[in-house]
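Lettering of chains follows the sequences in order, A, B, ..., and the numbering in each one begins at 1. For the numbers below, each heavy atom of this structure counts, side chains included, while hydrogens, waters and symmetry mates do not.
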2 protein chains.
Amino acid sequence: MVKHRIQQTRKNMNDKLYSITELAEEFDITPRAIRFYETKNLLAPQRAGATRVYNYRDRARLMLVLRGKRLGFSLEDIKEYIDLYDADRSRSEQLAHLMLVGRRRIEELEQQLEDVQTTLKELRTIENEAIDSLREKGIDPEKAVADIKAKLVAETA
Amino acid sequence: MVKHRIQQTRKNMNDKLYSITELAEEFDITPRAIRFYETKNLLAPQRAGATRVYNYRDRARLMLVLRGKRLGFSLEDIKEYIDLYDADRSRSEQLAHLMLVGRRRIEELEQQLEDVQTTLKELRTIENEAIDSLREKGIDPEKAVADIKAKLVAETA
DNA sequence: CAACTGATTTACGCATACGTAAGCCCATAA
DNA sequence: TTATGGGCTTACGTATGCGTAAATCAGTTG
């Protein structure tokens, strides 16, 4: 029974449809951006008349796009990446192409992984040094940070 | 003696100066890009007359810029990051600010680390599936990839 | 039925990150 | 001395990734 309920739930999830603004609000982007991705062939939602209607697959693709953006890839690169998912797996030439393009991406990402780890180390070192310096001055680092933050917020207003 | 020689070597390394094209060629970018970074205050080489002369510190900064770019950061963000290195460590307010900005960057990079790892997993899965599919078809995956690669190179020419 | 909400297209605008001349200066090799 | 190889500045051009009207249209509400 429980299993059945879960199946139902998941089915409902997968059947769920989204408007462009729903997706925009969920991912904190503008409808304009979503439409722009469509012009770049990153999305292809159904239409109800002229109105775009997104299903869970469209939503998943959008999430891939946004992750790609966080990684600093261009929309063109992201398209190539998404195409890897949708690539025709029947022809062996396509499979080989998939491997080729995928491996290039993997190399890039391995470099990026290294860069991120290096930078994280550096930033944590800087942070720890700052904490030590503040303690030596008899200042509570956390309080100092909170104060600065409050001050910056105040300046914004 | 050996130590002395090492010192000498390092001293020579540190004293080494570079022209703009030398740096450009070393990092596979254009002199124009390097000059552009300077207009954005990411670099500030000495001048011999009008000619830019870069020392090892300038070179290190350039490397930081390029790593930031690989991470997908804007030049403005990169400047903020570099400024963390050069920040005034004497005033406690500066130290607190350093912590604040550094922590924001750390959060971003932790998200990015997660994204990179997730994407790498997905790509490796895709690659392995492609390899399996090709093997099932009695095709040597490595040869297939090499063939596709050669074909694409041929098309370019 | 008018007004309001939310969606669509078309189109111009804008910041980022350089590319690409164009024109000029300077040094060194032939 | 001429020319050839950098380097410099100024300035306009360009691709990417949307933002921002402006005008329109369909559906809902008072």
> If only atom types and distance count, is the side chain of B/Gln94 paired as donor or acceptor with the main-chain N or O of B/Arg91 below 3.5 Å?
Replying inline: no
> C/dT8, D/dC8, C/dT16: which one has an atom nearest the side-chain heavy atoms of A/Arg47?
Replying inline: C/dT8
> Within the side chain of B/Arg61, is there an N or O that forms a donor-acceptor pair under 3.5 Å with the backbone of B/Leu42?
Replying inline: yes
>> Side chains of B/Glu22 and B/Tyr54 only: does a donor on one sit below 3.5 Å from an acceptor on the other?
In response: no
> Should B/Thr30 be listed as having a side-chain N or O under 4.0 Å from OP1 or OP2 of C/dG19?
Replying inline: yes
>> Among C/dT8, D/dC8, C/dC18, which nucleotide has an atom closest to any side-chain atom of B/Arg35?
In response: D/dC8
> To the nearest Å, how far apart are B/Ile20 CD1 and D/dC8 C1'?
Replying inline: 9 Å
>> OP1 or OP2 of D/dG7 versus the side-chain N and O atoms of B/Ser19: is any pair under 4.0 Å?
In response: yes
> Reckon B/Lys69 has a side-chain N or O less than 4.0 Å from the OP1 or OP2 of C/dC18?
Replying inline: yes
> Taking atom types as modelled and ignoring hydrogens, do the side chains of A/Arg67 and B/Thr118 form a donor-acceptor contact shorter than 3.5 angstrom?
Replying inline: no
>> Please confirm whether the shortest side-chain N or O distance from A/Tyr37 to OP1 or OP2 of D/dC18 is below 4.0 Å.
In response: yes
> Looking at the side chain of B/Phe36, which of C/dC18, C/dT8, D/dT9 is the nearest nucleotide?
Replying inline: C/dC18
>> Is B/Arg32 close enough to D/dA11 that one of its side-chain N or O atoms is under 4.0 Å from OP1 or OP2 there?
In response: no
> Tell me: NZ of A/Lys40 to C1' of D/dT16, nearest whole Å?
Replying inline: 8 Å
> B/Ile78 has an atom CD1; how far is it from atom P of C/dT16, in whole Å?
Replying inline: 13 Å
>> If we ignore hydrogens and angles and just use 3.5 Å, is the side chain of B/Arg105 paired with the main-chain N or O of B/Asp77 as donor and acceptor?
In response: yes
>> What is the separation between atom CD1 on B/Ile34 and atom P on C/dA17, rounded to the nearest whole Å?
In response: 16 Å
>> Any side-chain N or O of B/Arg52 below 4.0 angstrom from OP1/OP2 of D/dG7?
In response: no
>> Does a side-chain N or O of A/Thr51 approach OP1 or OP2 of D/dA26 to a distance below 4.0 Å, or not?
In response: no
> Between B/Glu76 (CD) and C/dA17 (P), how many Å, whole number?
Replying inline: 8 Å
> Between A/Gln46 (CD) and C/dT8 (P), how many Å, whole number?
Replying inline: 14 Å
>> Please pick, from D/dG7, C/dA17, D/dT16, the nucleotide with the shortest atom-to-atom distance to any side-chain atom of B/Leu75.
In response: C/dA17
> Once you round it to whole Å, what is the distance between P of C/dA17 and CD of B/Glu38?
Replying inline: 16 Å
> Rounded to the nearest Å, what distance is computed from the OH atom of residue A/Tyr54 to the C1' atom of nucleotide C/dA7?
Replying inline: 11 Å
